[in-house]
Amino acid sequence: MRFLRSSSCCSPLAAFFFFFLVAVIGSTSSNLQQATKYNAMFSFGDSVAETGNICVVSSSSGNSTELEVLTCTHPPYGTTYFGRPSCRWSDGRVVVDFIAQSLGLPLLPPSKSKGKDFRRGANMAITGATAMNFSFYQSLGIGDPVWNHGSLYMQIQWFTELIPSLCGTKQKFLAKSLFLFGGFGGNDYNIQLLELGLTPEQTMKNTPIIVNATVNGIERLIALGAVHIVVPSILPTGCLPLFLALFVAGSSGESDFDQYGCLKSYNRLTEHHNSMLREQVQILQRKYKSTRIMYADYYSQVYKMVQQPQKFGFSNPFEACCGAGGGKYNFDVAARCGMPGATTACRDPSARLSWDGVHPTEAANKMIADAWLNGPYCNPPILS
């Protein structure tokens, strides 16, 4: 602007710069309007979106043992951005953090916190969350609710309890808020694969009810007044170091893996879930024409990072940055990131896709958030 004031508008060159600056300022103003059009943001999900609920719940219960087991409360978690563990399963920020900051909103406080101001947003996401209520897994023979600290249904209940403290005119406020709903389903399959020992093919029979639970949740949010809703898919299970390390030993050979090194049957399960979810989102988009429902494609983007890691600045896409597992995947259930003997990370987390064998690094989370905000991995993009 200093150049504009000191220049003569009579010269052709000055005129060029004048119109150039007007165009730039206009574009910036448009982007700013997009970034500030939401009053608040509310997030639901599991450990991929966790920002502290699991720690609040564990602390309030007085269960020191449970807090000790939560490795996200130990170094080197949080080392990249916060400089300390922040109850996020990453070396820094997660996707919801980047989206909040891009929209000019504060980092979302966990909804279970006491005495917090939730008028700019809250995060209901909690580690171990499932789409299905725990009663469903009890019917399958699961007796320990460790996987289910807060199901999709419970998280909506938490949000409903928050609403009276948010605003005076609920409908107008929620209509100008952004909702991130999911991705739900990952832990539903983890329970069946890891606890019950089912094959990916066997778990597919439950995909319709898992997806239906997500759809019902979306419709409940719409009934409460939500207008802008992002619905993420789930990550490519067959590319996660966790599953690769656990199941490679039991695999029958090269035919179990695709050309990039992912387990084919586990990715088929994820693709099956995401395909069904995407179809249901499209149905909802047609059904609720005044509601903006956005499908965020976690799977395709992360799989592309596996296929072309160098394009995204990554090396060793299957090797966890943090952990003491060693080998090709650097993952061991008994030596996970944050556990004794596993309190150091790789030299440059930004050059890795996987932080701890399950969750992405901050660098990957930023790329995912950017692709949801501006495209191409969110349809329609959040800022469109």
Side-chain angles (χ1 to χ4, degrees), residues 35 41 43-56 67 70-110 113 120-127 129 178 180 183 186 230 232 235 239-242 296 298 301-302 305-306 309 312-324 330-331 336-339 342-374 377 382:
M41 183 167 73
S43 175
F44 304 74
D46 57 19
S47 60
V48 178
E50 171 77 77
T51 61
N53 274 320
I54 188 64
C55 294
V56 174
L67 273 172
L70 289 171
T71 55
C72 67
T73 63
H74 301 281
Y77 281 93
T79 185
T80 295
Y81 184 77
F82 299 97
R84 57 177 175 74
S86 65
C87 204
R88 288 163 171 79
W89 297 92
S90 174
D91 58 308
R93 289 162 290 184
V94 294
V95 171
V96 65
D97 291 324
F98 283 108
I99 292 177
Q101 290 179 325
S102 296
L103 296 176
L105 297 169
L107 298 183
L108 301 186
S113 297
R120 302 298 306 281
N123 194 355
M124 273 57 65
I126 190 167
T127 299
L178 181 67
L180 269 64
V230 179
L235 296 165
C239 302
L240 298 179
L242 160 67
Y298 250 135
Q301 185 173 7
V302 173
M305 292 174 177
V306 169
F312 298 92
F314 297 137
S315 61
N316 304 323
F318 299 122
E319 184 178 348
C321 173
C322 180
N330 191 34
F331 184 86
R336 301 188 309 280
C337 182
M339 295 180 72
T343 56
T344 59
C346 60
R347 181 178 300 176
D348 183 9
S350 68
R352 295 291 177 86
L353 168 57
S354 178
W355 166 244
D356 57 9
V358 182
H359 308 94
T361 57
E362 179 182 89
N365 285 329
K366 183 181 187 307
M367 293 178 194
I368 293 166
D370 288 343
W372 291 7
L373 287 162
N374 305 297
Y377 290 103
I382 294 171

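Residues Thr73 and Cys55 have side chains in contact (heavy-atom distance under 4.5 Å, counting atoms from C-beta outward). Residues Val302 and Pro360 have side chains not in contact (no heavy-atom distance under 4.5 Å, counting atoms from C-beta outward). Between Leu353 and Phe318 the shortest side-chain heavy-atom distance does not fall below 4.5 Å. The side-chain heavy atoms of Leu242 and Arg336, taken from C-beta on, include no pair separated by under 4.5 Å.
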Worksheet item: Run the side-chain contact (heavy atoms from CB on, under 4.5 Å) check on Ile126 and Glu50 step by step: do they pass?
Response: CA-CA 5 Å; Ile126 190 167; Glu50 171 77 77; 3.8 Å; yes
Item to complete: Quick one: do Ile368 and Met305 satisfy side-chain contact (heavy atoms from CB on, under 4.5 Å)? Show the steps, please.
Response: CA-CA 10 Å; Ile368 293 166; Met305 292 174 177; 4.2 Å; yes
Item to complete: Determine, step by step, whether Thr127 and Asp46 satisfy the side-chain contact (heavy atoms from CB on, under 4.5 Å) criterion, reporting the C-alpha distance in whole Å, the side-chain angles of both residues, the deciding distance to 0.1 Å, and the verdict.
Response: CA-CA 5 Å; Thr127 299; Asp46 57 19; over 6 Å; no
Practice prompt. Could you check Arg93 against Gln101 for side-chain contact (heavy atoms from CB on, under 4.5 Å), going step by step and ending with a plain yes or no?
Written response: CA-CA 10 Å; Arg93 289 162 290 184; Gln101 290 179 325; 3.0 Å; yes
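Closest non-hydrogen pair, Val306 versus Cys239, comes out as CG2-CB, 4.1 Å. Taking each heavy atom of Ala342 and Pro76 in turn, the nearest pair found is O-CD, 4.1 Å. Pairing each heavy atom of Pro85 with each of His74, the nearest pair is CG-C, 3.4 Å. The minimum heavy-atom distance between Leu240 and Val358, with the atom names listed, is CD2-O, 3.8 Å. Closest of all the heavy-atom pairs between Thr343 and Gly338 is CG2-O, 4.3 Å.
Side-chain N or O atoms of Asn123 include one that pairs as donor or acceptor with a backbone N or O of Ala49 at under 3.5 Å. A donor-acceptor pair is defined here as one N or O able to donate and one able to accept, closer than 3.5 Å; such a pair exists between the side chain of Asp91 and the backbone of Glu362. In this structure a side-chain-to-backbone donor-acceptor pair under 3.5 Å is present from Asn330 to Ala320. Side chain of Glu319 to backbone of Gly357: no donor-acceptor contact under 3.5 angstrom is found. Looking at Ser86, its side chain never comes within 3.5 Å of a backbone N or O of Phe82 through a donor-acceptor pair.
Partners of Ser350 under the side chain to side chain contact (heavy atoms under 4.5 Å, CB included) rule, at least two apart in sequence or in another chain, are Asp348, Ala363. For Tyr77, the ring-ring contact (aromatic ring centres under 6.0 Å, His included) partners two or more places apart in sequence, or in a different chain, are Trp89, Trp355. For Ile99, the side chain to side chain contact (heavy atoms under 4.5 Å, CB included) test picks out Met41, Val95, Leu103, Leu178, Leu180, Ala369, Trp372, Leu373, Ile382, with sequence neighbours left out. Take Cys72 and apply the disulfide bond (SG atoms under 2.5 Å apart) test, not counting sequence neighbours, and it matches no residue. Applying the side chain to side chain contact (heavy atoms under 4.5 Å, CB included) rule to Asn374 yields the partners Leu383; only residues at least two apart in sequence or on another chain are considered. For Ser354, the side chain to side chain donor-acceptor pair (under 3.5 Å) test picks out no residue, with sequence neighbours left out.
Atom CZ of residue Arg352 and atom CZ of residue Phe314 lie 11.0 Å apart, to the nearest 0.5 angstrom. A distance of 5.0 Å separates CZ of Arg120 from CG of Leu105, quoted to the nearest 0.5 Å. The CG atom of Leu108 lies 8.0 Å from the CE atom of Met124; values are rounded to the nearest 0.5 Å. Note that CG of Asp356 is 9.5 Å distant from SG of Cys321, once rounded to the nearest 0.5 Å. Here Phe312 contributes atom CZ and Gln301 contributes atom CD; the two are 6.5 Å apart, rounded to the nearest 0.5 Å.
Less than 2.5 Å separates the SG atom of Cys322 from that of Cys337.
Salt-bridge annotation for Asp97 and Arg88: present, with a side-chain N of the basic residue lying under 4.0 Å from a carboxylate O of the acidic one.
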